[in-house]
Undergrad: 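Got a structure here, written out as structure tokens. Questions coming.
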Amino acid sequence: MTFGIEFVPSDPVLKIAHYAKLAEEQGFDNVWITDHYNNRDVYSTLTVLAMNTNRIKLGTGVTNPYTRNIAVTASSIASINEISGGRAIIGLGPGDKATFDAMGIEWEKPLTTTKESIQALRSFFEGKKVTMSGEVVKFGGAKMAFKAGNIPIYMGAQGPKMLELAGEVADGVLINASHPRDFEEAVKQIAAGAKKAGRNPKDVDVAAYACFSIDKDAAKAVNAAKVVVAFIVAGSPDMVLQRHGIDVASKAAIGGAIAKGDFGALMGGMVTKEMMDAFSISGTPEDCKARINELLDIGVTQIVAGSPIGPDKEKAIKLIGKEIIG
Ligand code: F42
């Protein structure tokens with residue numbers, strides 16, 4: 001098993017560097033930085049992390065092929081790879097529709113765009129001159145002027161077709177989920193894709209990109225994750241809620257409370273125990289370990305501690321290091 005940690009650069013970059021350094025000291029293998037235009041820039045953040053760490057791998061978690069031309073993405077991540085001494089990973093997903101709506105970007109053919117972008121990225125990383133006339137991605141002889149190195153490509157994916165594609169073409173897959181039930185199917189879909197491409201499914205790193213909250217006090221840990229879980233419930237497809245036995249009507253109610261900024265209602269019982277169980281790994285170190293072991297049994301190979309990590313981030317990172325990675 002490897003252990004990753006996610007940071008959202010809604011915090012200042014130097015603060016994230018402090019946490020990333022601590023995570024490295026505590027034995028984490030990967031740090032993943034999310035990418036949304038309204039937060040600090042993902043590559044500026046990764047550059048600062050590269051300068052402040054020595055061993056931990058540095059990934060975009062995840063960038064997308066719509067806001068930047070994929071040749072520019074190849075150059076950006078190759079620069080991080082050079083600066084960090086070969087520690088870069090590119091995590092790529094089709095992106096977030098709500099963000100693109102705000103930016104005036106059309107979200108067309110997300111699967112095809114991701115597939116063709118990965119094909120182009122591999123060619124750029126191999127130092128090839130890229131000429132492509134895909135359905136979406138087109139290049140007329142583009143080439144990196146410096147050596148990128150062999151940068152692993154991970155996909156952000158949840159849907160069945162995306163997971164199958166990850167099995168076919170990616171080195172790893174970051175799945176936004178925390179419960180074994182969500183991984184049972186996902187692992188099968190990834191394996192099917194790998195087999196289709198003549199690959200060994202074991203060559204694909206399956207990461208649970210989880211909402212994570214740890215504290216010695218279980219109630220504190222759970223409370224710290226409630227708002228994040230509320231956002232997950234509000235954004236989940238009905239099919240996913242039904243899979244966990246959650247009343248689909250609660251989605252609109254929670255969405256309404258979020259829109260009104262009524263966090264009191266969310267904390268006061270709207271976000272139920274069942275929702276916390278379905279959409280987070282939260283509680284004491286023992287609670288978290290029990291869930292992690294269930295995920296590993298199913299075929300998850302990397303646990304990513306995502307937001308909020310814990311009620312006190314610094315304490316939580318140390319607790320994971322001591323009690324779980326230890
Ligand atoms: N998105 C961000 O913008 N920023 C982040 O930092 C971020 C982090 C992140 C971390 C982990 C993770 O799993 C996802 C993350 N995301 C982030 C979201 C990510 O970018 C994707 O939006 C998300 O993972 C994709 O969800 P999905 O796997 O459900 O894929 C969608 C597109 C879907 O509908 N998939 C379908 C499926 O079955 O898999 C396939 C749809 C399909 O086939 N589409 C055809 C096509 O070509 O695209 C369209 C048919 C047609 O002709 O139009």
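Computed from a prediction, not measured in an experiment: that's the story for all the values here. We use all heavy atoms of the structure for the numbers below, so side chains are in, but hydrogens, waters and symmetry mates are not. One-based numbering, in listed order, for ligands and for the atoms of each.
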Undergrad: Under the 4.0 Å line, does any protein heavy atom show up next to atom 6 (O) of ligand 1?
TA: yes
Undergrad: Which residue and non-hydrogen atom of the protein lie closest to atom 4 (N) of ligand 1, and at what distance in Å?
TA: Asp35 O, 3.0 Å
Undergrad: Among Thr99, Leu111, Val304, which residue places a heavy atom closest to atom 42 (C) of ligand 1?
TA: Leu111
Undergrad: Quick test of your reading of the model: are Asp171 and Arg122 salt-bridged, counting only N-O distances below 4.0 Å?
TA: yes
Undergrad: Regarding Lys97 and Asp101, does a basic nitrogen lie under 4.0 Å from an acidic carboxylate oxygen?
TA: yes
Undergrad: List the closest protein heavy-atom neighbour of atom 33 (C) of ligand 1: residue, atom name, distance to the nearest 0.1 Å.
TA: Met162 CG, 4.5 Å
Undergrad: Please list all pairs meeting ring pair (Phe, Tyr, Trp, His ring centres under 6.0 Å) that have one or both residues in residues 296-326, counting only residues at least two apart or in different chains.
TA: none
Undergrad: With a 4.0 Å cut-off on N to O distance, would you call Lys21 and Glu24 a salt bridge?
TA: no
Undergrad: If you have a sec, work out which protein heavy atom is nearest atom 9 (C) of ligand 1 and how many Å separate them, to one decimal?
TA: Val62 CG2, 3.7 Å
Undergrad: Ignoring hydrogens and geometry, is there a side-chain-to-backbone donor-acceptor pair from Ser75 to Ala71 under 3.5 Å?
TA: no
Undergrad: Geometry only, no angles: is Gly159 polar-contacting ligand 1 at N/O separations under 3.5 Å?
TA: yes
Undergrad: Under the 4.0 Å line, does any protein heavy atom show up next to atom 37 (C) of ligand 1?
TA: yes
Undergrad: What atoms of ligand 1 come within less than 4.0 Å of a heavy atom belonging to Thr34?
TA: 6 (O)
Undergrad: I'd like to know if the side chain of Asn81 reaches the main chain of Ala148, judged simply by a donor and an acceptor atom lying under 3.5 Å from each other, with no hydrogens or angles considered.
TA: yes
Undergrad: Where is the nearest protein heavy atom to atom 14 (C) of ligand 1: which residue, which atom, and how far?
TA: Asn176 ND2, 3.5 Å
Undergrad: Any idea which protein heavy atom is nearest atom 53 (O) of ligand 1, and the distance to it?
TA: Lys109 CG, 4.1 Å
Undergrad: What protein heavy atom lies closest to atom 47 (O) of ligand 1? Include the residue and the distance to one decimal.
TA: Thr112 OG1, 2.5 Å
Undergrad: From the options Ile317, Asp312, Leu319, select the one residue that forms a side-chain contact (heavy atoms from CB on, under 4.5 Å) with Lys315.
TA: Asp312
Undergrad: Measure up the Tyr154 and Trp32 rings against each other and bin them: parallel (under 30°), tilted (30 to 60°), perpendicular (over 60°).
TA: tilted
Undergrad: Is there a nitrogen or oxygen of Lys161 sitting under 3.5 Å from a nitrogen or oxygen of ligand 1?
TA: yes
Undergrad: Taking Val206's backbone N and O only, do any of them form a donor-acceptor pair with Thr301's side chain (distance below 3.5 Å, no angle check)?
TA: yes
Undergrad: Taking the non-hydrogen atoms of Asn64, is any one of them nearer than 4.0 angstrom to ligand 1?
TA: no
Undergrad: Looking at ligand 1, is there an atom of it that comes within less than 4.0 Å of some heavy atom belonging to Leu174?
TA: yes
Undergrad: For atom 23 (C) of ligand 1, find the nearest protein heavy atom and state the residue, atom name and distance (0.1 Å precision).
TA: Gln158 NE2, 3.5 Å
Undergrad: Could you tell me whether Asp205 and Lys57 make a salt bridge, using a distance below 4.0 angstrom between a side-chain N and a carboxylate O?
TA: no
Undergrad: Where does the angle between the aromatic ring planes of Tyr66 and Trp107 fall among parallel (under 30°), tilted (30 to 60°) and perpendicular (over 60°)?
TA: tilted
Undergrad: To which protein heavy atom is atom 2 (C) of ligand 1 closest, and what is the distance rounded to 0.1 Å?
TA: His36 NE2, 3.5 Å
Undergrad: Nearest non-hydrogen contact with atom 22 (O) of ligand 1 belongs to which option: Gly95, Gly93, Pro94?
TA: Gly95
Undergrad: Do any N/O atoms on Trp107 end up under 3.5 angstrom from N/O atoms on ligand 1?
TA: no
Undergrad: I need the atoms of ligand 1 closer than 4.0 Å to a non-hydrogen atom of Gly156, numbered in the order shown.
TA: 12 (C), 13 (O), 24 (O)
Undergrad: Can you spot which of Lys196, Lys161, Arg199, Lys195 makes a salt bridge (Lys or Arg N to Asp or Glu O under 4.0 Å) with Glu168?
TA: Lys196
